[in-house]
Asker: 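Before we start, here is the structure in question, set down as structure tokens.
Lettering of chains follows the sequences in order, A, B, ..., and the numbering in each one begins at 1.
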Amino acid sequence: MIKIFLLIFYFLLSFQANANEAMKPIANLEDLKNKKIGVMLGSTHDAFAHKQYPEAEILQYKSPADVLLGVKSGKVDVGIYNSVSLTEILKLNPDLGVIDKPFEFSPVGFGFNKKDIELHAQFNAFFKAIKESGVYADMIERWTKKGITDMPKIDTPNKNGLLVAGHISDGGLPFVTLRNNENIGLNIELAKRFAAYLGKDIRFDDMEFGALIPSLNTGKIDFIAVTLMFTEERKQKINFGEPYYEIGMSAFALKKNIAAFKQEKKNNSNTPTFIEELVNNFQNNLIQEKRYLLLWDGLKTTIIISILATIFGTFLGGIVCFLRMSKNRFLNIPAKVYISILRGTPVLVILMIIFYVVFASVNINPIIVATIAFGMNCGAYAAEIFRSGIEGIEKGQMEAGIAMGFNKIKTFIYIILPQTIRRILPIYKGEIITLVKMTSIVGYIAVQDLTKASDIIRSRTFDAFFPLILIAILYFLISLILIQTLDYLEKITDPKYKRKVRTKS
Amino acid sequence: MIKVENLSKKYGDLVVLKNISTEIKKGEVVSIIGPSGTGKSTFLRCLNLLDQPSGGSIFIDGENILDKRIDVSKIRQKMNMVFQSFNLFSHLSVLENLTLGPIKLKGISKEAAENKSMDLLRLVGLAEKAENYPDELSGGQKQRVAIARCLAMEPEIILFDEPTSALDPTMVSEVLSVIRRLAKEGMTMAIVTHEMAFARDVSNRVFYMDQGLIYEEGSPKQIFDAPKKERTKVFINRIRNFVSKIKTQDFDFYALNGEIEGFCEKQLISKLIRANLLRVVEELLILYKPYLNKIELELEIAHSEKTNQLSLICQTKGKKFNPLDNKDLEDDIGIKIIHKFTEVVEFKWADNQNRLELLFVN
């Protein structure tokens, strides 16, 4: 057994080594044409890479941090990202370097719904105002030239309602980043000032880049507070606000793969010990910028969604099971259809359909959407579990109750149900644990759960190992506590356990 | 107390009960006998509407329970049922099985219900099992608990649906004696049973059911000693038999022994006679064994429930061959044993068929 593991391990190692060996140093942008390129899905970099390098293998990632990690871990040879943020990012990552010079400069601005002409006009008026008053020049000065990263105080009087901005929290300074569990950056300041100008409160929904424009057009968000590059394609779908900056793209890679850095000598004379590194990681990933708060909030969200979905799912499962077992065809056929559809579609797809299609034009808390989606999925499975439990009980039990003088409902409550619960608990336990783990995908609809929290930390620290292992442990602990609780429930519903307690006391 | 008029029950095209009309009076014990599949259980289950009758009317204390306006649950509380498969509530202790109905349906306090239930458990001899759970009891104990559970509801009539059919033969009598005791105390009962001797001495009236109707009814004496109608006669005097064909020398002797024992237990044949029967079978098989590769032996054990007569018949085909008359044997101990345990030994050879019949001492 151990030999097999070693063999696999060795194989993986040699595989990685091969991949590195095949790499020839990159001298200029021309060399990108047959490399693996990492980009953010739906970004202008993505479009550019596809147009410019048709022969290259292009991997589309969901967030800037993933692109960066892809490059760092050797999954891709080169990444492309906006040149301004990249300068900041590279300061924190000395092993990465930029290839050649920035290219494809383009103005950037916020995005507005084509139907919402009023908000678009208001933004342009607002922008004109701050340009004239010098506030805009001051902002650019502070964020991009001086590198001052403190947010100024902006009063947002909540008089005229709420403005919802879609953004990506890990875009990178000077535009946006998350510090001390708070969004900061040029984009954030601009958006907040805009909200204050309108006299509205503002909420930032953290999304994946690819989800921004669909969310805007389905009304999930009021505008996009991201450095959107102006492109013809996008202009057909959204209105751009006045451009507030101009940025280009840069390609970056590991320094050891770039010809220009090849000569640079490595000075890794004092590699940190394992313990030092662990302490370092702990500091970086949890303590700095109070990142544990992110995890704590994520944990709460995960638990809330799990509990609500379990309750809703159990309740729904009971109803569906009742319909499914009915002899009336008008009741049992819809139940059958419901069960087979919900069991036959990925819960992620259901989640997105409910969020983007069913509640498209309703401003609904995504946690409720998640509860509904997971509850519906859980309900379909629960219904079948309940049914098999009930059908597994001999007919004689029901008959004995009826013959004694109980009506059907009372027979069910006093005789069938207690036996069913005992029977299904072991299977049901597994179903609930599956549900908890399933909630890790709610990040797709901009809910910050445990997984999303780790994604955010990952995007700040560029460390994949520690945050992932940490949340793996946290999920495991949740499941463990849940299993213990349900085991206890299983024990106390065992009639013989009751007797044991009785005889002891 | 119960009056049935033109009761019928159909499952699709299959007619199970045909226009049954009868009456059960208070304090009567009625046994319902007859061949399998003639609607005995269905008749009983129609009485408390576990099976919905297709036609006719059932009056309980003058109320037609097939009337839609009647609360059937209330009526059922007056007439509880004991099932073939016991149907004890497996999630409840013995005591809770008894108290569930009185507490939830009659609103009796928990304490009062428990006291009453303990008395009933004492009555059926199971007070010490009060805290046990159904899966910890033997079949006979389960059925006695089921009877006590019925009594806890203080019914006016108890319907017994083959109460001993699912029991090991050794446990039948403990259940029957509890039912006997109830009969003595004047409980009104309707009992579907295959235990003829029991039906005969416990009941005031016997229904013989055949082909979906009450074919003949009368006192136990009338039905068992002097049945008037043809099919009743056949049923009452019928002989139960066990047949086994032995084709090779290497037959499974122990399986055969087990089957014979099972048959004897079912027929309530005494231990002594059973032992005698087994010994005779063994000796006979030793005598037949050398020839078993050439001939096929058909072994039949027949028992008449009415006369309690037990006989063993051995048949082989071919030329005349009587194993008890074999001159080639080394000794005749086997033959002596056979003669000792049997009363009459008859051998016939006709149409190339050997037939050896042994009648056992009763």
Asker: Supply the atom-to-atom distance A:Gln397 CD to B:Phe83 CZ, rounded to the nearest 0.5 angstrom.
Answerer: 10.0 Å
Asker: Go through the atoms of B:Asp71 and report whether side chain, backbone, both or neither lie under 4.5 Å from a heavy atom of chain A.
Answerer: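 It is neither, since no heavy atom gets under 4.5 Å.
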Asker: Name the region of B:Tyr133, side chain, backbone, both or neither, that has any atom closer than 4.5 Å to a heavy atom of chain A.
Answerer: both
Asker: At a 4.5 Å cut-off on heavy atoms, which part of B:Glu136 comes close to chain A: side chain, backbone, both, or neither?
Answerer: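 It is the side chain, since no backbone atom gets that close.
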Asker: Who wins among A:Gly401, A:Pro418, A:Ala400 for the most heavy-atom pairs under 4.5 Å with chain B?
Answerer: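 Of the options given, most contacts go to A:Ala400.
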Asker: Looking at A:Lys491, I want to see if its NZ is surrounded by more than 12 non-hydrogen atoms of other residues, nucleotides or ligands under 6.0 Å.
Answerer: no
Asker: Does any heavy atom of chain A fall under 4.5 Å from the side chain of B:Ser90, the backbone, both, or neither of them?
Answerer: both
Asker: Check this for me: B:Lys3, atom NZ, are more than 12 non-hydrogen atoms of other residues, nucleotides or ligands nearer than 6.0 Å?
Answerer: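 Open: at most 12 neighbouring heavy atoms sit under 6.0 Å from NZ of B:Lys3.
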Asker: Taking every non-hydrogen pair under 4.5 Å, which of B:Gln84, B:Met153, B:Glu131 racks up the most with chain A?
Answerer: B:Glu131
Asker: Compare every heavy atom of A:Tyr414 with every heavy atom of B:His91, then report the nearest pair and how far apart it is.
Answerer: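 Looking at all heavy atoms of both residues, the shortest contact is NE2-O, 3.0 Å.
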Asker: If I measure from the heavy atoms of chain A, does B:Asp161 come under 4.5 Å with its side chain, its backbone, both, or neither?
Answerer: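 Neither part.
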Asker: Against chain A, label B:Asn48 side chain, backbone, both or neither, depending on which of its atoms sit under 4.5 Å from a heavy atom there.
Answerer: side chain
Asker: Please check if atom CD in B:Glu185 has more than 12 non-hydrogen atoms from other residues, nucleotides or ligands closer than 6.0 Å.
Answerer: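 Yes, CD of B:Glu185 has more than 12 neighbouring heavy atoms, counting only those of other groups under 6.0 Å.
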Asker: More than 12 foreign heavy atoms under 6.0 Å from CG of B:Leu14: is that the case here?
Answerer: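 Counting neighbours around CG of B:Leu14, more than 12 heavy atoms of other residues, nucleotides or ligands fall under 6.0 Å, so yes.
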Asker: Check whether B:Leu88 gets within reach of chain A through its side chain, its backbone, both or neither, counting any heavy atom under 4.5 Å.
Answerer: backbone
Asker: Could you state the interatomic distance from CE (B:Met81) to CD1 (A:Ile402), rounded to the nearest 0.5 Å?
Answerer: 12.5 Å
Asker: Is it true that atom CD of B:Gln52 has more than 12 heavy atoms of other residues, nucleotides or ligands lying nearer than 6.0 Å?
Answerer: yes
Asker: Counting only heavy atoms not in A:Phe322, do more than 12 sit closer than 6.0 Å to its CZ atom?
Answerer: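 Open: at most 12 neighbouring heavy atoms sit under 6.0 Å from CZ of A:Phe322.
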Asker: What pair of heavy atoms forms the shortest contact from B:Leu105 to A:Gly405, and how long is it?
Answerer: CD2-O, 3.6 Å
Asker: Measure distances from B:Leu100 to the heavy atoms of chain A and classify the residue's part below 4.5 Å as side chain, backbone, both or neither.
Answerer: both
Asker: Does B:Arg76 form a side chain to side chain contact (heavy atoms under 4.5 Å, CB included) with A:Met404? I'd like the steps, not just the answer.
Answerer: CA-CA 6 Å; B:Arg76 286 197 186 109; A:Met404 190 181 262; over 6 Å; no
